[in-house]
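Structure first, commentary second.
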Amino acid sequence: SVLMSVVIVGGNERMAGQYEDICREHGYKAKVFTKESGSLKRKLGSPDLLILFISTVSHKMVISVTQEAKRNQVPVARVHTSSATALRAALAKWVS
């Protein structure tokens, strides 16, 4: 079976590896972008789910990434705290 893919934007750089592990536990292959960069939009591709850690990303970035996701019909989960628990909760909600 093909792993579903998730892109995480924002969050805590030190936790990037942990985010990937958590996604893997839920059957997702994750790409994590903790740093904002202008070319981020081009790197998004069309994952099955986009997770935005709102608290660590600029408003401008949120808007740009959300628009890109909408264009590619990618569902967006907005997560307010960039903790492992918050990520697990968001994934559990989508993977049902």
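Computed from a predicted model, the values in this text were never measured in an experiment.
- Hydrophobic clustering (ILVMFWY, side-chain heavy atoms < 4.5 Å, transitive): I54 and V74 are in one cluster.
- The backbone N or O of R42 sits nowhere less than 3.5 Å from a side-chain atom of S39 that would complete a donor-acceptor pair.
- Put simply, V76 and Y28 are part of two different groups of oily side chains (I, L, V, M, F, W, Y) that touch within less than 4.5 Å, one to the next.
- Here the CZ-CG distance, from R24 to L91, works out to 12.5 Å after rounding to the nearest 0.5 Å.
- Taking CZ from R14 and OG from S82, the interatomic distance works out to 10.0 Å, rounded to the nearest 0.5 Å.
- No side-chain heavy atom of L49 sits less than 4.5 Å from a side-chain heavy atom of V7.
- In terms of hydrophobic clustering, with Ile, Leu, Val, Met, Phe, Trp and Tyr side chains grouped at heavy-atom distances under 4.5 Å, I8 and L44 are assigned to different clusters.
- Shown are V65, T66, N72; of these, the side chain to side chain contact (heavy atoms under 4.5 Å, CB included) with E68 is made only by N72.
- A pairwise comparison of heavy atoms in P47 and S5 identifies CA-OG, 3.2 Å as the closest pair.
- Among all heavy-atom pairs drawn from V6 and C23, the shortest one is CG1-SG, 3.6 Å.
- I51 and V32 fall within a single hydrophobic cluster, where Ile, Leu, Val, Met, Phe, Trp and Tyr are joined by side-chain heavy atoms under 4.5 Å apart, directly or via other members.
- Two residues are said to be in side-chain contact when any heavy atoms from C-beta on lie closer than 4.5 Å; E13 and K35 meet this criterion.
- When all heavy atoms of S55 and H80 are compared, the pair lying nearest together is OG-O, 2.9 Å.
- Note: the hydrophobic cluster containing L50 does not contain V79 (ILVMFWY, side chain heavy atoms under 4.5 Å, direct or indirect links).
- In summary, the aromatic rings of F53 and F33 are positioned with their centroids too far apart to meet the 6.0 Å limit.
- The side-chain heavy atoms of Q67 and K70, taken from C-beta on, include no pair separated by under 4.5 Å.
- Shown here for G10 and Y19, the closest heavy-atom pair between the two residues is O-CE1, 4.5 Å.
- With respect to the salt-bridge test (charged N to carboxylate O, under 4.0 angstrom), the residues E25 and R88 qualify.
- Side chain of T56 to backbone of G11: a donor-acceptor contact under 3.5 angstrom is found.
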